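Just below is one structure, and these are the notes that go with it.
Because only heavy atoms are used, hydrogens play no part in the values below, and waters and symmetry mates are left out as well, while side chains stay in. Predicted model only: the values in this text are computed from it and were never measured.
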Protein chains: 2
Amino acid sequence: MAAKRGPADPGRRERIMAATQRLLLEEGIGGLSHRAVAREAGVPLGSTTYYFETLDDLLDGATRRLTEQYAHWLHEWGAGLGDPSPAELVEHLADLVETQLAGSRAELVLSFELMSAAMRRPELRPAAVLYAETEREVIAAHTDPHTARALVLVLDGILLQSLAARTPPSREEITAPLAALLTPEG
Amino acid sequence: MAAKRGPADPGRRERIMAATQRLLLEEGIGGLSHRAVAREAGVPLGSTTYYFETLDDLLDGATRRLTEQYAHWLHEWGAGLGDPSPAELVEHLADLVETQLAGSRAELVLSFELMSAAMRRPELRPAAVLYAETEREVIAAHTDPHTARALVLVLDGILLQSLAARTPPSREEITAPLAALLTPEG
DNA sequence: CGAATTTATGTACGGCCGTACACAATCACG
DNA sequence: CGTGATTGTGTACGGCCGTACATAAATTCG
């Protein structure tokens, strides 16, 4: 029963998954289709339905991988932070925002797309919630839990509005609300 | 086959618009189609394309109306607030969050859907940005501009995460980050 | 009353979609 | 080699889509 038979092309499945992630980042959830994935992966249409029976399997798998990759990246970012003062943490967080807005725009857009999609599709919730959860963990390593939660809310708000806006925020528009939480006296 | 006809049916256009708004709230942007609108409005398919040449016209019109309605409602909410102390403002804002989460869930979900859609479709930006803009104006009437901006970011973050989460936030989860900005000493 | 014009609609075209499924290719094993 | 079992694919079905457009009804005007 469990005997292994037939030709194994383990790279195939992986290539399809990777193509799905690429497609999601480029076109968003709405751009996902068996046909588009097959085109992007360079495999026949039948392959995508063979390895991933339904389109949701494809979406779930790709979003889980993408969010886990992001979580890993963010943890590493937090680990390289040392032991900053509140004022320094403000600057580090502002750097983070600017870095992401400049270099990870597609990932950010997808994360918010995922959040709003999760509001109508409960099966996407776990992946959507993982973003904020990870941010909270990483920041909580450098401040108290309450402040960490508030900081995450502010960060999400900044990113959300910056992505929807026509122009990127100034440095001061980023640091001011963060400083209001971390260095309220000055 | 058709019954009554005539150029004078001024309600027609309006009924289509209203049906579009209803459909958007119920099904989201992805659920919008000429056919679905026609069904919802009880008009023939040809009518929707006659009054609104393209689907985007329909979407733009409906989102503009919905956001303006929300802006109006929020201004009225702000006007009925009196002159609260910071501690009272925290409670009022928490009430606002709870009210919206309980009674305007569809509107909120759509607003975030609109934000994330605007990240890929610039023509939706004006409507998307109006939400935060209005919140800022209304709150700025009761505190300084910097704090108002930070409060809006926190509010958006709270709503975003609450809608994506499985369970609604506790009162304390709402008030704590607001109080961190408004009453940092206590 | 006709004729021109405006208003409204039914239908059809071409396209993309998810997915089922008959069928081909490949391999394990006797 | 043969013979299943397993893996992989091309194709086709039914459905929903946006939108163009011929045509019908109502109104307007000479």
Side-chain angles (χ1 to χ4, degrees), chain A residues 1-63 113 117 120-124, chain B residues 1-63 113 117 120-124:
Chain A
M1 323 302 183
K4 207 164 72 160
R5 305 207 170 191
D9 185 1
R12 189 71 131 212
R13 197 173 206 281
E14 183 52 34
R15 289 223 318 279
I16 294 176
M17 191 79 258
T20 305
Q21 295 182 232
R22 251 177 290 137
L23 198 63
L24 273 180
L25 289 173
E26 280 165 26
E27 307 290 340
I29 296 177
L32 199 68
S33 77
H34 280 301
R35 284 169 173 82
V37 169
R39 218 177 302 138
E40 173 77 24
V43 301
L45 171 59
S47 260
T48 69
T49 70
Y50 178 72
Y51 285 102
F52 302 88
E53 190 152 335
T54 173
L55 197 61
D56 281 343
D57 293 345
L58 221 31
L59 179 59
D60 291 350
T63 52
E113 224 168 42
R120 294 191 197 272
R121 302 176 54 180
E123 73 271 19
L124 295 178
Chain B
M1 308 289 274
K4 237 181 352 189
R5 306 211 183 180
D9 186 0
R12 189 68 132 213
R13 195 173 208 279
E14 182 52 34
R15 289 223 317 280
I16 293 175
M17 192 77 259
T20 306
Q21 296 182 231
R22 249 177 291 136
L23 199 62
L24 273 180
L25 289 173
E26 281 165 26
E27 308 290 341
I29 297 177
L32 199 68
S33 77
H34 280 301
R35 286 168 173 84
V37 170
R39 219 177 302 137
E40 173 77 22
V43 302
L45 172 59
S47 259
T48 68
T49 70
Y50 177 72
Y51 286 102
F52 302 88
E53 191 153 333
T54 173
L55 197 61
D56 281 343
D57 293 345
L58 220 32
L59 179 59
D60 291 349
T63 52
E113 222 167 43
R120 293 191 197 271
R121 303 177 52 179
E123 73 271 19
L124 295 178

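- At least one side-chain heavy atom of B:Arg120 sits less than 4.5 Å from a side-chain heavy atom of A:Glu113.
- Listed by residue number, A:Pro44, A:Leu45, A:Gly46, A:Ser47, A:Tyr50, A:Tyr51 are the residues of residues 39-60 of chain A with a heavy-atom contact under 4.0 Å to DNA chain D.
- B:Val37 is not listed as a side-chain neighbour of B:Val43, based on a closest heavy-atom distance of 4.5 Å or more.
- Pairs of residues two or more places apart, or lying in two chains, that qualify as side chain to side chain donor-acceptor pair (under 3.5 Å) and include a residue from residues 52-63 of chain A are A:Asp56-A:Arg121.
- One finds a side-chain N or O of B:Arg12 lying less than 4.0 angstrom from the OP1 or OP2 phosphate oxygen of C:dT9.
- Under 3.5 Å, the side chains of A:Thr49 and A:His34 contain no donor-acceptor pair of N or O atoms.
- The cationic atom of A:Arg13 (NZ for Lys, CZ for Arg) lies less than 6.0 Å from the six-membered ring centre of A:Phe52 and within 45° of the ring axis.
- Nearest heavy atom pair, residue A:Ile16 against residue A:Ser47, reads CD1-O, 4.0 Å.
- In plain terms, the two heavy atoms of A:Arg15 and A:Gly42 that are nearest each other are NH2-O, 4.4 Å.
- The minimum heavy-atom distance between A:Met17 and A:Gly61, with the atom names listed, is CE-C, 3.5 Å.
- The stretch residues 21-36 of chain A comes close to DNA chain C through A:Leu32, A:Ser33, A:His34, A:Arg35, each having a heavy atom under 4.0 Å from the strand.
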